[in-house]
Amino acid sequence: SPSVFVFDCSNAGVLVNQQHRDADLIILAACSAGELLPQNPELPADVFTSCLTTPITMALRWFCSRSSSLLKIDPSLIDHIPGQLNNRKTIL
């Protein structure tokens, strides 16, 4: 079975370039070599991993951080979305 590696760090492309090219290896990198990950205090430090594990929550957090103040969306409401991550029948 394939192995999956997630590199959620600045310069992640350096790590990808050093990995072996193997058919049973899946590598996901947040950025290429020489790039720095953006920092935003309103978002988790591991934005890339959070997008993979909780895509709806992260999409809403991203939208709230980019929306104008006219919409008056309270980001704390995102934490109260009903549902369970391990239940596909719920919103999350």
Side-chain angles (χ1 to χ4, degrees):
S1 66
S3 298
V4 178
F5 291 91
V6 178
F7 298 118
D8 194 355
C9 58
S10 296
N11 294 311
V14 172
L15 300 170
V16 173
N17 292 337
Q18 293 178 356
Q19 294 295 324
H20 299 6
R21 302 289 180 215
D22 189 359
D24 289 340
L25 187 63
I26 299 169
I27 301 174
L28 303 172
C31 62
S32 65
E35 288 185 325
L36 298 175
L37 291 179
Q39 301 286 322
N40 185 338
E42 297 174 7
L43 298 173
D46 58 344
V47 172
F48 185 63
T49 301
S50 296
C51 288
L52 296 172
T53 57
T54 56
I56 293 175
T57 303
M58 278 307 299
L60 292 171
R61 287 188 190 283
W62 186 263
F63 177 78
C64 286
S65 71
R66 298 286 187 249
S67 65
S68 69
S69 59
L70 298 175
L71 294 175
K72 296 182 182 177
I73 298 171
D74 185 7
S76 66
L77 293 175
I78 297 170
D79 296 328
H80 300 293
I81 296 174
Q84 300 170 346
L85 293 175
N86 59 354
N87 187 351
R88 297 182 112 190
K89 294 180 182 179
T90 64
I91 294 174
L92 291 178

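We use all heavy atoms of the structure for the numbers below, so side chains are in, but hydrogens, waters and symmetry mates are not. Each residue takes its place number in the sequence, starting with 1.
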Kindly compute the distance separating CG (Asp79) from CZ (Arg61), expressed to the nearest 0.5 Å. 4.5 Å

Do Met58 and Phe63 sit in one hydrophobic cluster, given that two such residues count as connected whenever their side-chain heavy atoms are within less than 4.5 Å of each other, even indirectly? no

Heavy-atom closest pair, residues Asn11 and Ala33: OD1-C, 4.0 Å

Which atom names give the shortest non-hydrogen contact between Thr90 and Asn87, and what distance separates them? OG1-O, 2.9 Å

Output yes when a side-chain donor or acceptor of Ser3 lies under 3.5 Å from a complementary backbone atom of Leu25, and no otherwise. no

Approximate separation, where rounding is to 0.5 Å, of Phe7 CZ and Thr49 OG1: 11.0 Å

Minimal non-hydrogen separation, Cys9 against Cys31, with atom names: O-SG, 3.5 Å

Between side-chain atoms of residues 38-48 and protein atoms elsewhere (two or more places apart, or another chain), which donor-acceptor pairs fall under 3.5 Å?
{"from": "Asn40", "atom 1": "OD1", "to": "Glu42", "atom 2": "N", "distance (Å)": "2.9"}
{"from": "Asp46", "atom 1": "OD1", "to": "Ser50", "atom 2": "OG", "distance (Å)": "3.3"}

Which residue is it: Val16, Leu52, Asp8? I am looking for the one with a side chain to side chain contact (heavy atoms under 4.5 Å, CB included) to Leu28. Leu52

Are side-chain heavy atoms of Leu60 and Leu77 found at a separation under 4.5 Å? no

